Peer 1: 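Sending over a structure as structure tokens; questions will come in a sec.
Every value quoted in this text rests on a predicted model; they were computed, and no experiment measured them. Positions are given from 1, in the same order as the sequence printed here. Only heavy atoms go into these numbers, but all of them, side chains included; no hydrogens, no water, no symmetry mates.
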Amino acid sequence: MTVKFILSEYVDKAMAEAMYDKLEDDSFVGKIPVCKGVIAFGSTLKECQNELRSTLEDWILLGLKLRHRMPVIDNIDLNQEPSLEPLDTL
């Protein structure tokens with residue numbers, strides 16, 4: 001049985017769509033256009049990427065908790081009701 005980590009894969013695919021810009025003060029801003037409101041800043045590109053990932057993870061968890069419609073990214077749909085395996089299959 002193959003184990004899939006849907007949330008991890010979703011985060012990775014969303015981060016692959018991230019866009020970064022260098023600001024006038026030499027800091028960076030990053031955003032993920034498909035994920036409305038997910039934006040982060042950092043003094044270095046690496047710091048901005050880390051902040052953006054953290055912001056994205058929080059955005060996903062809050063969206064799921066509040067039952068917001070989440071964007072489908074690379075055919076990963078977090079809006080579907082989860083299907084549970086019977087315990088005897090473990």
Peer 1: When rounded to the nearest 0.5 angstrom, what is the spacing between OG1 in T55 and NZ in K31?
Peer 2: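 Atom-to-atom, T55:OG1 and K31:NZ are 14.5 Å apart.
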
Peer 1: Give, for atom OG of S43 and atom CG of L23, the distance between the pair rounded to the nearest 0.5 Å.
Peer 2: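 That separation rounds to 11.5 Å.
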
Peer 1: To the nearest 0.5 Å, how far apart are NZ in K46 and CG in N50?
Peer 2: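 That separation rounds to 5.0 Å.
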
Peer 1: To the nearest 0.5 Å, what is the distance between CG on D77 and CZ on R69?
Peer 2: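 D77 atom CG to R69 atom CZ measures 5.5 Å (nearest 0.5 Å).
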
Peer 1: With clusters built from Ile, Leu, Val, Met, Phe, Trp and Tyr whose side-chain heavy atoms come within less than 4.5 Å, directly or transitively, what are the remaining members of the cluster of L64, listed by chain and number?
Peer 2: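 Joined to L64, directly or through intermediates: I6, L7, Y10, V11, M15, Y20, F28, I32, V34, V38, L45, L52, L56, W59, I60, M70, I73, I76, L78.
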
Peer 1: For the residue pair C48 and A40, what are the closest heavy atoms and their distance?
Peer 2: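 So the minimum-distance heavy-atom pair works out to SG-O, 3.6 Å.
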
Peer 1: Measuring from L66:CG to L61:CG, what's the distance to the nearest 0.5 Å?
Peer 2: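 Spacing of CG (L66) from CG (L61) equals 11.0 Å.
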
Peer 1: Output the distance between atom NE2 (H68) and atom CG (N79), rounded to the nearest 0.5 Å.
Peer 2: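 The distance works out to 11.5 Å.
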
Peer 1: Considering only heavy atoms from C-beta outward, does the side chain of K13 approach that of E17 to under 4.5 Å?
Peer 2: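 Result no, sub-4.5 Å side-chain heavy-atom pair not found.
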
